Protein chains: 2
Amino acid sequence: MSELAKPTLDDVARAAGVSTATVSRCLNAPDLVIAATRERVMQAVEALGYTPDFGGRALASRRTNTVGAIIPTMDNAIFARGLQSFQEALSRFGKTLLVASSGYSPAREREQMEVMAGRGVDGLLLIGSARPEASVEFLRRRGIPFLGAWNLGGEDGYFVGFDNRAAAAGLTEKVLAKGHRRLAMIAGITEMNDRAADRMEGVRSAAERAGIGADQLPVIEAAYTFDDGARAFGELMARSPRPTAVLCGNDVLAVGALQKARELGLRVPGDVSITGFDDIDLAGVVDPKLTTVRVPHNRMGEAAAEMLIKLMSKQPVERRIEIPTEVVERGTLGPPPADPVA
Amino acid sequence: MSELAKPTLDDVARAAGVSTATVSRCLNAPDLVIAATRERVMQAVEALGYTPDFGGRALASRRTNTVGAIIPTMDNAIFARGLQSFQEALSRFGKTLLVASSGYSPAREREQMEVMAGRGVDGLLLIGSARPEASVEFLRRRGIPFLGAWNLGGEDGYFVGFDNRAAAAGLTEKVLAKGHRRLAMIAGITEMNDRAADRMEGVRSAAERAGIGADQLPVIEAAYTFDDGARAFGELMARSPRPTAVLCGNDVLAVGALQKARELGLRVPGDVSITGFDDIDLAGVVDPKLTTVRVPHNRMGEAAAEMLIKLMSKQPVERRIEIPTEVVERGTLGPPPADPVA
DNA sequence: CAAATTAATGTAAGCGCTTACACTGATTTT
DNA sequence: AAAATCAGTGTAAGCGCTTACATTAATTTG
């Protein structure tokens, strides 16, 4: 219960009858110390319940063993899952994770970067590549290695993620293959969100290749909630001619759409097909189960950790690691109705 | 692009023509510095792109403005949501969040405590109160203020959370009020998880009060997956007499149960009622929608941040803050069938 | 108006640690 | 056997910051 003064290196050194340098070496490079001494030191460490002070260590060694992550929000299964794996992997390397959230705002992301930089993070995990050049420049100036995750970025920088565009195109092709010609899309908000933008691009390009121009492919952008998905779906269904397949930018929107369909008395996939993206838990639980794209966020989190650690220790690294995705065909995609509503 | 040497307090002081002390004061206690000087200093800060070094600051001030959280996993909506709110609230107070996960293991939690202590966190968020006394003692010795969240603990310590036991009892009473007498429960794993244990206790005690003894209330503990919920539900349905209502320790288990019910050709709630706990997104999406207990994790996260900050600054604090929960009646609870299966 | 008080800033001593360098004694090389 | 090398340890100089105390100038007080 008594609040002991925290023991310092000095205390340990005195207790073990050695210099502080030797204690430090025992902790950081045990091979440099002869076994007998080391043992004596370790006993003192144990006895005093010594744990090194982070501040002192950071100051002296210019390293923090801390990695930062700035994500839009943890309250979104895809980030939570990826982050969890990332953290576990880091932990295995003895690194600690500092978390901040940007709420999808580049300005807030920048602020958090400064916080992280001030904290002396050895490396930084960011989401995607859509950010002001000034933010990137800031990190470069500071010499902080960083990584864009969740998608594959542009010309330079390091990335580990998914080819959202190709995946969306692949899914669209499956939809087209079922015979659908009247497609529509409920996209996530694409501004400053390259995942959402890429997915939209993917759908558009595949449609284009099938001779369906952008003018024939209504797209509504919707925020990340069931309600927004439902609302957008309602709008699309009010159009004439009515789309026979609605591709959604993520599973949450798709589930919202699905609920709205039920509400409108439309059968899925009898009257209209719906697809999602991400394959979060939800996707397998709704009825019918969602046809979607599986995006293995946990594998990505791990790969990101490995990559960042290499980057931090100046080991050679591939510039981008693509984590493969996979279309999961379940119940919400079928052929278009024989007599679509004009 | 060039990797500039990070500017130090000294650089700023020189640029502004003042002492380092004055610069430090500008940053930490601006009132102590006359406006003109302050302005000059701030300009220098701006011009050099100075950000204070965390290590130096921590070392000199014996404070880190860092708060740790050790949670079982972020990959669980209830923790992710709470943690997100916690982090946002902390951020408003200028604190940064260090995250570690225990994977539900007390040993691993203890390890992470030591990591956090080494990092000099000013305070620590833990989950629940089920942990070895030695772990608690460790934090006390170190003088690290800490908080149990997500449920209300025992004799001493600070808590912000839910009365899981009372909430479970309340839900059980609603089930009983529908006329059910043959209850069963699929609980979460209760070992070292007081939330799961409390929920089980709540159900048991309410049943007891209604004259249903523990021997008449089959309970299966299941891990946190759909499959485990489904499996447990299958086992319960094979019993004779068959339960008419299955109370689940969380929504994930309940959804698993629901799926299994469909698979078995049982109507919900016609043949059997099912209830969940937590009211995560899932609950409103399945068909029929889940009757469950709403547990406002975001409010809890915020309350936890406020409480911990008070604790850290030695302000007076209530020992426990209870966040109210609420039964949400939706589609999966109905009266028992007229002719239950013996 | 001298003395006392106050306001603004400077001086300098660490905070706990790492690490370059120095030192010692033992081992290897020539 | 002297010289060179090396392993094991100690000495001590910071790392960048905060803050107690000292100093100076401005203001108030008796």
Side-chain angles (χ1 to χ4, degrees), chain A residues 4-42 44-45 48-66 94 114-115 117-122 142-143, chain B residues 4-42 44-45 48-66 94 117-122 142-143:
Chain A
L4 269 38
K6 197 180 161 191
T8 71
L9 244 210
D10 232 53
D11 299 330
V12 177
R14 210 168 311 119
V18 299
S19 72
T20 61
T22 298
V23 178
S24 176
R25 279 190 280 256
C26 282
L27 266 29
N28 300 301
D31 323 334
L32 294 182
V33 181
I34 205 167
T37 315
R38 201 189 320 151
E39 206 160 304
R40 202 147 34 92
V41 169
M42 285 324 213
V45 166
L48 295 173
Y50 169 78
T51 41
D53 176 81
F54 174 72
R57 188 172 255 196
L59 193 51
S61 70
R62 323 298 310 134
R63 261 176 288 104
T64 59
N65 280 321
T66 302
E114 296 186 13
V115 172
R119 301 257 153 180
V121 294
D122 295 333
R142 275 285 197 283
Chain B
L4 268 40
K6 195 180 161 191
T8 71
L9 244 209
D10 232 53
D11 299 330
V12 177
R14 211 167 312 120
V18 298
S19 73
T20 60
T22 299
V23 179
S24 176
R25 279 189 280 256
C26 282
L27 267 28
N28 299 302
D31 322 334
L32 294 182
V33 180
I34 205 167
T37 314
R38 200 188 322 148
E39 206 159 305
R40 202 147 35 92
V41 169
M42 286 324 215
V45 165
L48 294 174
Y50 170 79
T51 41
D53 176 82
F54 174 72
R57 188 171 256 194
L59 192 52
S61 71
R62 323 296 313 135
R63 260 176 289 103
T64 60
N65 281 320
T66 302
R119 300 258 154 180
V121 293
D122 295 332
R142 274 284 196 284

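Worth saying up front: this structure is predicted, and the values here are computed from it rather than measured. Numbers restart at 1 for each chain; the letters A, B, ... are given by sequence-line order, proteins then strands.
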Ignoring backbone atoms, test whether [X] places a side-chain nitrogen or oxygen under 4.0 Å from the OP1 or OP2 oxygen of [N].
X     : N      : answer
A:S19 : D:dT11 : no
B:R62 : D:dT19 : no
B:R57 : D:dT18 : yes
B:S61 : D:dT18 : no

Worksheet item: Considering residues at least two apart in sequence or located in another chain, which fulfil the side-chain hydrogen bond (donor to acceptor under 3.5 Å, both in side chains) criterion with B:R14?
Response: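 If we apply the side-chain hydrogen bond (donor to acceptor under 3.5 Å, both in side chains) test to B:R14, skipping adjacent residues, the hits are B:D10.
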**Message:** So, using side-chain hydrogen bond (donor to acceptor under 3.5 Å, both in side chains) as the criterion, who are the partners of A:T37 when residues are at least two apart?
**Reply:**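 A:T37 satisfies side-chain hydrogen bond (donor to acceptor under 3.5 Å, both in side chains) with no other residue.
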Nucleotide N/O of nucleotides 26-28 of chain C paired with protein N/O under 3.5 Å:
none

Under a 4.5 Å cut-off applied to non-hydrogen side-chain atoms, are A:V23 and A:V18 in contact?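 Yes - at least one pair of side-chain heavy atoms lies under 4.5 Å apart.
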Is there a side-chain contact between A:R119 and A:T66 in this structure, where contact means two heavy atoms from C-beta onward sitting under 4.5 Å apart?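 In short, these two side chains do not touch, never coming nearer than 4.5 Å.
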Looking at B:A16, is its backbone amide N or carbonyl O close enough to the side chain of B:R40 to form a donor-acceptor pair, meaning the two atoms are under 3.5 Å apart?
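Looks like yes, one N/O pair under 3.5 Å.
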Can you tell me if B:S24 uses its side chain to pair, donor with acceptor, with the backbone of B:T20 under 3.5 Å?
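A pair under 3.5 Å: no.
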- Task: Supply the atom-to-atom distance B:I34 CD1 to B:C26 SG, rounded to the nearest 0.5 angstrom.
- Result: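 These two atoms lie 11.5 Å from each other.
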5′-ward residue of the pair A:R40/A:T20 relative to DNA chain D: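 Looking at DNA chain D, the more 5' nearest nucleotide goes with A:R40.
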Check your understanding: DNA chain D: B:A21 or B:G56, which has the more 5' nearest nucleotide?
Key ->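 Of the two residues, B:G56 wins.
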Margin query: Under 4.0 Å, counting only non-hydrogen atoms across every strand here, what does B:L9 touch: a base, just sugar-phosphate, or nothing?
Written below: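 Here B:L9 touches the bases of the nucleic acid.
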Categorize B:R63 for me: base, sugar-phosphate, or nothing, with a 4.0 angstrom heavy-atom threshold over every strand shown.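 Sugar-phosphate only.
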Between [X] ([atom1]) and [N] ([atom2]), how many Å, whole number?
X     : N      : atom1 : atom2 : result
B:K6  : D:dC15 : NZ    : P     : 14 Å
A:D53 : C:dC15 : CG    : C1'   : 8 Å
A:L59 : D:dA13 : CG    : C1'   : 13 Å
A:F54 : D:dC15 : CZ    : P     : 19 Å
B:E39 : C:dA8  : CD    : P     : 15 Å
B:I34 : D:dT27 : CD1   : C1'   : 13 Å
A:R38 : D:dT9  : CZ    : C1'   : 14 Å
A:D10 : D:dG10 : CG    : P     : 13 Å

| task | Determine to 10° how strongly the helix from C:dC1-D:dG30 to C:dT30-D:dA1 is bent, judged from the axes of its five-pair ends. | result |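 Computed angle between terminal axes is 30°.
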inquiry  = Below 4.0 angstrom, which residues in residues 23-32 of chain B have at least one non-hydrogen atom near DNA chain C?
reply    =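 Residues of residues 23-32 of chain B under 4.0 Å from DNA chain C: B:R25.
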- Query: Could you go step by step and tell me if B:M42 and B:L27 meet the side-chain contact (heavy atoms from CB on, under 4.5 Å) rule?
  - Reply: CA-CA 9 Å; B:M42 286 324 215; B:L27 267 28; 4.0 Å; yes
Q | Closest non-hydrogen atom pair, A:R38 against A:P30 | A |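 In this case the closest contact between A:R38 and A:P30 is NE-O, 3.4 Å.
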Checklist entry - Between A:T51 and A:K6, what is the shortest heavy-atom contact and its length? => result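 Closest approach of A:T51 to A:K6, heavy atoms only: O-CE, 3.7 Å.
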Using the side-chain contact (heavy atoms from CB on, under 4.5 Å) rule, take B:N65 and B:F54 through it: C-alpha gap first, then chi angles, then the decisive distance, then the call.
-> CA-CA 10 Å; B:N65 281 320; B:F54 174 72; 5.9 Å; no
Practice problem: Under the side chain to side chain contact (heavy atoms under 4.5 Å, CB included) rule, collect the residues that match up with B:R25, sequence neighbours excluded. | Solution: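 Only B:A21, B:T22, B:L32, B:V33 meet the side chain to side chain contact (heavy atoms under 4.5 Å, CB included) criterion with B:R25.
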